[in-house]
Structures are given as structure tokens and as C-alpha cells.
Amino acid sequence: MGNVKPLLKVKNLHKEFKVGGGQKLKAVNDVSFTVNEGETFGLVGESGCGKSTTGRTILQLYEATSGEIIFDGEDILKMDNKRKRALHSDIQMIFQDPYASLNPRLTVTEIIAEGMDAQKMYKKNKKAKLARVYELLELVGLNKNHANRYPHEFSGGQRQRIGIARALAVQPRFIIADEPISALDVSIQAQVVNLFQELQEKHKLTYLFIAHDLAMVKHISDRIGVMYLGKLVEVAESLELYEDPLHPYTQALLSAIPIPDPDIEQSRERIVLQGDVPSPMNPPSGCHFRTRCPYVKKECEEIKPELVEVKKGHFVACHLYE
Ligand code: SF4
């Protein structure tokens with residue numbers, strides 16, 4: 001990548017939810033990462049690891065407990081409401097479930113135009129607005145014959161395309177895609193990933209691409225962050241992460257991805273993690289991964305490992321590398 005310019009910097013982000021009995025759930029626990037302009041940063045982890053909460057907190061769907069979220073040099077958490085509203089044209093979100101995220105009572109045109117109306121675009125020019133809707137439909141591989149139909153008339157993949165057109169309508173610079181392909185058939189997933197990539201090139205978009213398994217983000221991500229129980233445990237360039245995963249959790253996630261070559265598949269060692277993910281209400285002391293880690297040692301129980309750079313651009317939070 002040529003000139004690297006950070007577009008989003010998340011610094012020491014915490015998000016706690018109050019739950020019954022005065023207890024707190026630390027969904028996002030001291031998370032820091034940077035997303036550079038024009039790149040795709042994949043955020044990966046099992047459900048409940050805090051990846052979606054991180055995305056939603058960046059978008060201000062949740063109020064951050066503490067930390068900084070700096071977008072293009074400006075801390076979102078210090079913006080007034082007017083500025084935050086304007087920010088919604090810069091940052092858009094695409095949701096996991098294309099069935100639930102589209103209003104069934106609105107036509108495709110109305111769905112796509114919603115964001116434009118909220119941002120007061122094309123206020124007095126209905127014709128221009130409609131032309132823009134048609135243009136967006138073409139852009140995502142649909143056409144103007146789809147404009148007056150309702151969401152239930154479309155397949156899952158087509159609905160996700162409508163969701164993408166809706167997000168693009170306000171000309172965002174940054175898109176948070178929260179498991180955008182998980183609900184789709186495997187045969188459709190690659191098509192939607194390709195669409196994301198084409199749109200990124202055409203419109204110089206920056207993505208935070210959230211997924212629950214590494215196979216899904218492999219092709220689209222420039223860099224990847226792996227989360228476990230509210231914490232980032234490893235960050236590296238995509239290829240580097242696949243070739244040299246350092247954190248035992250990343251190694252386990254990667255070993256679960258089947259390899260198409262049957263000889264390699266048969267001979268390689270699979271790391272099967274013991275037990276379930278502990279409750280984020282009551283995470284283990286020291287390293288949160290210690291109850292499932294095959295290499296756990298004494299200090300893992302007492303000392304929280306910090307995310308440190310152990311190779312250029314490759315960060316890991318594990319006592320094995322200190
Ligand atoms: Fe395993 Fe200890 Fe590293 Fe945690 S810090 S991943 S328990 S070796």
C-alpha cells in the first residue's frame with residue numbers, strides 16, 4: 001500500500017453494559033486498532049467476543065463507556081449531536097440479516113431513498129433522486145425494474161445488495177459491515193464479497209468487515225484483528241496472520257478451516273479447543289483465554305498479557321512472546 005493514512009483510530013475503547021444485580025458486562029475491554037484509508041480491516045471472533053459491539057459503538061448505536069474513536073482526525077465521542085448526525089453520511093453500517101434490516105412495508109426505492117432524505121439530499125428534486133436510486137441499483141447488480149418491489153420479493157443475496165445500495169446512497173467513506181455474508185448461502189457469499197471489493201475500488205471505500213470465522217475475511221481483508229472475550233488478541237496483515245498465526249486462539253481458529261487439498265488436510269494437526277467460551281460477565285483472571293489454552297502457564301492466571309508488536313506490524317497479546 002502506498003501512502004498510509006489512518007481514517008479510523010480506536011483507542012482504549014471500553015463498552016460495558018449494566019446487567020441485573022449491579023453487575024457489569026465488559027463487552028469491549030480496552031480495544032485499540034487503526035483502519036487506514038482504502039483498506040479493509042477484518043474483525044474476527046466467536047459470537048459474544050465483542051466484535052459487533054465494537055462496530056456498533058463506533059457508529060454510536062451504543063454509547064462508549066470510555067476511550068477514543070477518532071474519525072478523520074476528530075474524536076466522535078466529543079462531537080455535538082449535529083456533527084454526529086452529519087457523520088452518518090460518512091460512516092454507514094451494513095447488517096448481518098438482510099431479512100430483518102429492510103422495512104417490509106417500503107419499496108426498494110423508498111428503502112434506498114431513506115438515508116438520502118435523512119441527510120436532506122435531493123430535497124426538491126424527485127427526478128434526480130429517482131435517477132440516483134436507479135444508478136445505485138445498477139451499481140449493486142440490480143436494475144430499475146426492481147425499484148418498485150418489496151423486500152419479500154427478493155432472495156437473501158439480492159436483499160443484501162439492496163442493503164448495500166442503501167448504505168452507499170449517502171456516499172459514505174467508511175462502511176462497517178457486520179457479518180454481511182453469514183446469513184447467505186455459501187454459493188452467494190463469494191458474489192457478495194466480490195461486490196464489496198468492486199465497490200471499494202470504484203469508490204475508494206474503507207471497510208471494517210466483521211465476521212465470525214477467518215475463512216470469511218481471508219480474501220477481503222488487508223489486515224485482521226482477532227477478538228476473544230472483549231479483547232483484541234492478535235492483529236496482523238492478512239497474509240502474515242494466515243502464514244504465521246502467533247496467538248494460540250488464532251492458531252485454533254485457523255486449524256478449523258478445511259484445506260481443499262486432501263493430502264495437506266489429512267496430514268495437518270488440528271487444534272481442538274476444550275470447553276466453551278466463558279461468560280463475559282465473569283471472564284477468567286489474567287489471560288481471558290487461559291481456560292482453553294493448550295500452552296497455559298502459571299503467569300497466565302495472574303497477569304493480563306498486553307497487545308505488543310512482536311514482528312513488524314504483527315501484534316499479539318500472549319505471554320509466550322514476551
Ligand atoms: Fe495461552 Fe498464556 Fe498466551 Fe493466554 S497468555 S494465550 S493462556 S499462553
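Along the sequence shown, the residues carry numbers beginning at 1. Read the numbers this way: they start at 1 and go in the same order the structure lists the ligands and their atoms.
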- [ ] Just jot down the salt bridge (charged side-chain N to carboxylate O under 4.0 Å, His left out) partners of K311, sequence neighbours excluded, or say none.
- [x] E240, D244

TODO: List in chain and number order the residues that pass side-chain contact (heavy atoms from CB on, under 4.5 Å) with V277, two or more places apart in sequence or in another chain; answer none if no residue qualifies.
DONE: E46, Y228, L229, R292

TODO: Could you pull out the N/O/S protein atoms under 2.8 Å of atom 1 (Fe) of ligand 1, ignoring any water?
DONE: C293 SG

Task: Polar contact flag, side-chain donor to acceptor under 3.5 angstrom, R290-S285 - done: yes

TODO: Have a look at E234 and tell me which of H314, Q251, H247 forms a side-chain hydrogen bond (donor to acceptor under 3.5 Å, both in side chains) with it.
DONE: H314

- [ ] Decide if the gap between the ring center of F17 and the ring center of Y62 is smaller than 6.0 angstrom.
- [x] yes

Task: Partners meeting side-chain contact (heavy atoms from CB on, under 4.5 Å) with D75 (sequence neighbours left out) - done: E68, I70, L77, K78

